[in-house]
Asker: 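Take this structure first; my questions come after.
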Number of protein chains: 2
Amino acid sequence: MKKIKFKCWVEEEGEKFYGPGPHQLVKSIQEEGSLSKAAGQMNMSYKKAWDLVQRLNNNSEEAWVILKKGGQHGGGAEITPHAIKAMQEYEKLQQKISELLQQQEDLIKVLK
Amino acid sequence: MKKIKFKCWVEEEGEKFYGPGPHQLVKSIQEEGSLSKAAGQMNMSYKKAWDLVQRLNNNSEEAWVILKKGGQHGGGAEITPHAIKAMQEYEKLQQKISELLQQQEDLIKVLK
DNA sequence: TACCGATATATACGCGAATACACAACGAAA
DNA sequence: TTTCGTTGTGTATTCGCGTATATATCGGTA
């Protein structure tokens with residue numbers, strides 16, 4: 001059984017900015033309140049996750065994730081309203097493409 | 001300047017079957033009439049190209065590429081009507097997605 | 001039957017990416 | 001000022017994958 005898959009992401013100057021990976025990470029940060037926990041949950045190295053957050057924050061006018069270090073509980077991470085808005089739009093877009101693909105089964109019919 | 005990119009491909013049992021790479025290769029075979037020339041033109045190793053053709057032929061009821069070895073010119077490669085049809089449908093699909101993305105600029109507006 | 005150019009196939013190698021690891025820095029609270 | 005768990009950062013090592021290399025195979029033609 002053949003299936004059509006797709007992936008969409010945002011680039012800036014040819015470099016990947018936001019895609020499925022970052023999306024899942026930010027989502028996980030929102031749930032966990034901690035970058036290290038979020039990374040661990042999705043089986044990503046902390047370093048990779050940290051680099052990713054830097055990329056998001058440094059290449060946007062508005063920050064995506066606020067990292068706090070120190071304090072009684074060592075610190076934590078939380079996402080901004082801007083991140084929430086962007087995540088919603090990204091999911092909307094995925095949904096639209098997904099709907100389009102369901103209507104376009106011509107390719108599948110040809111492939112047997 | 002941020003841009004939305006996408007990629008779509010066909011999978012079977014979780015394994016990639018047909019996507020941008022194979023598409024370009026088959027197209028190149030059509031133009032060159034030779035697998036080695038097609039691979040060389042798109043800077044792909046001959047082995048990779050050959051493996052790719054096997055995958056297409058072995059996982060379809062109808063063959064995509066006919067490889068001929070020996071003969072005055074050593075052999076050659078040509079694509080079947082089935083491959084032509086499939087390529088057309090794949091390009092149609094890409095076009096449809098591309099049009100959809102142009103209409104959906106909400107995500108880009110959020111990302112600054 | 002020798003030649004030629006392209007297909008066919010296995011094995012060896014090298015490079016970059018990803019990851020694992022180690023440890024320093026931090027700051028609020030007790 | 002000690003404790004705590006997280007963020008922050010560099011370094012080392014492993015791993016996967018593509019690629020290079022080598023060689024066999026094929027069959028029409030001259």
Side-chain angles (χ1 to χ4, degrees), chain A residues 7 9 11 13-60 62-80 83, chain B residues 7 9 11 14-60 63-80 83:
Chain A
K7 202 173 124 178
W9 66 96
E11 281 189 7
E13 315 297 340
E15 288 185 7
K16 284 181 184 174
F17 175 70
Y18 190 77
H23 183 69
Q24 193 184 338
L25 180 67
V26 176
K27 217 168 174 176
S28 190
I29 291 172
Q30 184 178 29
E31 293 166 2
E32 298 293 335
S34 155
L35 179 56
S36 65
K37 283 206 184 97
Q41 193 179 36
M42 61 183 291
N43 217 31
M44 175 186 282
S45 71
Y46 175 81
K47 180 177 176 56
K48 183 172 177 178
W50 186 86
D51 286 342
L52 214 153
V53 167
Q54 301 308 308
R55 200 179 70 205
L56 290 177
N57 286 343
N58 294 336
N59 292 289
S60 300
E62 292 187 55
W64 289 59
V65 178
I66 307 294
L67 296 175
K68 291 175 182 168
K69 62 182 174 182
Q72 183 174 20
H73 301 297
E78 61 176 355
I79 70 174
T80 65
Chain B
K7 201 173 125 177
W9 66 96
E11 281 190 7
E15 288 186 6
K16 284 181 185 172
F17 175 70
Y18 190 78
H23 184 68
Q24 193 185 337
L25 180 67
V26 175
K27 217 168 172 176
S28 191
I29 290 172
Q30 184 178 26
E31 293 167 2
E32 298 293 335
S34 155
L35 179 55
S36 66
K37 283 205 184 100
Q41 193 181 35
M42 61 183 289
N43 217 29
M44 175 185 282
S45 71
Y46 175 80
K47 178 176 174 53
K48 182 173 177 178
W50 185 84
D51 287 342
L52 214 152
V53 168
Q54 302 307 309
R55 200 179 70 204
L56 290 178
N57 285 344
N58 293 335
N59 292 289
S60 299
W64 289 59
V65 179
I66 307 293
L67 296 174
K68 292 176 184 169
K69 62 181 173 181
Q72 183 172 20
H73 300 297
E78 62 176 352
I79 71 174
T80 65

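None of the values given here were measured: they were computed from a predicted structure. In what follows, every heavy atom counts, from backbone to side chain, and hydrogens, waters and symmetry copies are set aside.
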Asker: If I take atom CH2 in residue A:Trp50 and atom P in nucleotide C:dA20, what distance separates them, rounded to the nearest angstrom?
Answerer: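 From A:Trp50 CH2 to C:dA20 P: 19 Å.
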Asker: If every non-hydrogen atom of B:Met42 is compared with every non-hydrogen atom of B:Gly21, which pair is closest and at what distance?
Answerer: CE-O, 4.0 Å
Asker: In whole angstroms, how far is the C1' atom of D:dT19 from the CE atom of B:Met42?
Answerer: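 Rounded to the whole Å, the gap is 15 Å.
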Asker: In whole angstroms, how far is the P atom of D:dT25 from the CG atom of B:Leu67?
Answerer: 18 Å
Asker: Any side-chain N or O of B:Ser45 under 4.0 Å from OP1/OP2 of D:dA20?
Answerer: no
Asker: Quick one: label B:Lys68 by what it contacts on the DNA or RNA (base, sugar-phosphate, nothing), any heavy atom closer than 4.0 Å.
Answerer: sugar-phosphate
Asker: Have a look at the helix from C:dT1-D:dA30 to C:dA30-D:dT1 and give the angle its two end axes make, five pairs each, rounded to 10 degrees.
Answerer: 10°
Asker: Tell me: CD1 of B:Ile66 to P of C:dA8, nearest whole Å?
Answerer: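 That distance rounds to 11 Å.
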Asker: Could you pull out the closest heavy-atom pair between A:Phe17 and A:Ser60, with the gap in Å?
Answerer: CZ-OG, 3.2 Å
Asker: C:dT7 P sits how many Å from B:Asn57 CG, rounded?
Answerer: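 Taking atom P of C:dT7 as the reference, CG of B:Asn57 is at 14 Å.
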Asker: Let me know the distance between CG of B:Leu35 and P of C:dT9, rounded to the nearest Å.
Answerer: 12 Å
Asker: Hey, which of these two, A:Lys48 or B:Lys69, hits DNA chain C nearer its 5' end, going by closest nucleotide?
Answerer: B:Lys69
Asker: Between B:Val65 and B:Leu35, does a side-chain contact (heavy atoms from CB on, under 4.5 Å) hold up when you go through it step by step?
Answerer: CA-CA 9 Å; B:Val65 179; B:Leu35 179 55; over 6 Å; no
Asker: Between B:Lys7 and B:Pro20, which heavy-atom pair has the shortest distance, and what is it?
Answerer: CG-CG, 3.8 Å
Asker: Which nucleotide in the set C:dA8, D:dA20, D:dG10 lies at the smallest distance from any side-chain heavy atom of A:Lys47?
Answerer: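 So the side chain of A:Lys47 is nearest to D:dG10.
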Asker: OP1 or OP2 of C:dA6 sitting under 4.0 Å from any side-chain N/O of B:Ser36?
Answerer: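 Checking C:dA6 against B:Ser36, no side-chain N or O comes under 4.0 Å of OP1 or OP2.
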Asker: Atom OH of B:Tyr46 to atom P of D:dG18: distance rounded to whole Å?
Answerer: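 Checked: the OH to P distance equals 18 Å.
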Asker: Are A:Arg55 and A:Asp51 close enough for a salt bridge, meaning some N to O gap below 4.0 Å?
Answerer: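 Here A:Arg55 does not pair with A:Asp51 in a salt bridge, since their nearest N and O are not under 4.0 Å apart.
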Asker: If I compare all heavy atoms of B:Ala77 with all of B:Leu67, which pair ends up nearest, and what's the gap?
Answerer: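 Heavy atoms only, the tightest pair is CB-CD2, 3.4 Å.
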Asker: D:dT19 P sits how many Å from B:Met44 CE, rounded?
Answerer: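 To the nearest whole Å, that distance equals 8 Å.
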Asker: Where is the tightest heavy-atom contact between A:Ala39 and A:Ala49, given as atom of each residue plus distance?
Answerer: CB-CB, 3.7 Å
Asker: Where the side chain of A:Gln54 is concerned, which of D:dT7, D:dT19, D:dG8 is the nearest nucleotide?
Answerer: D:dG8
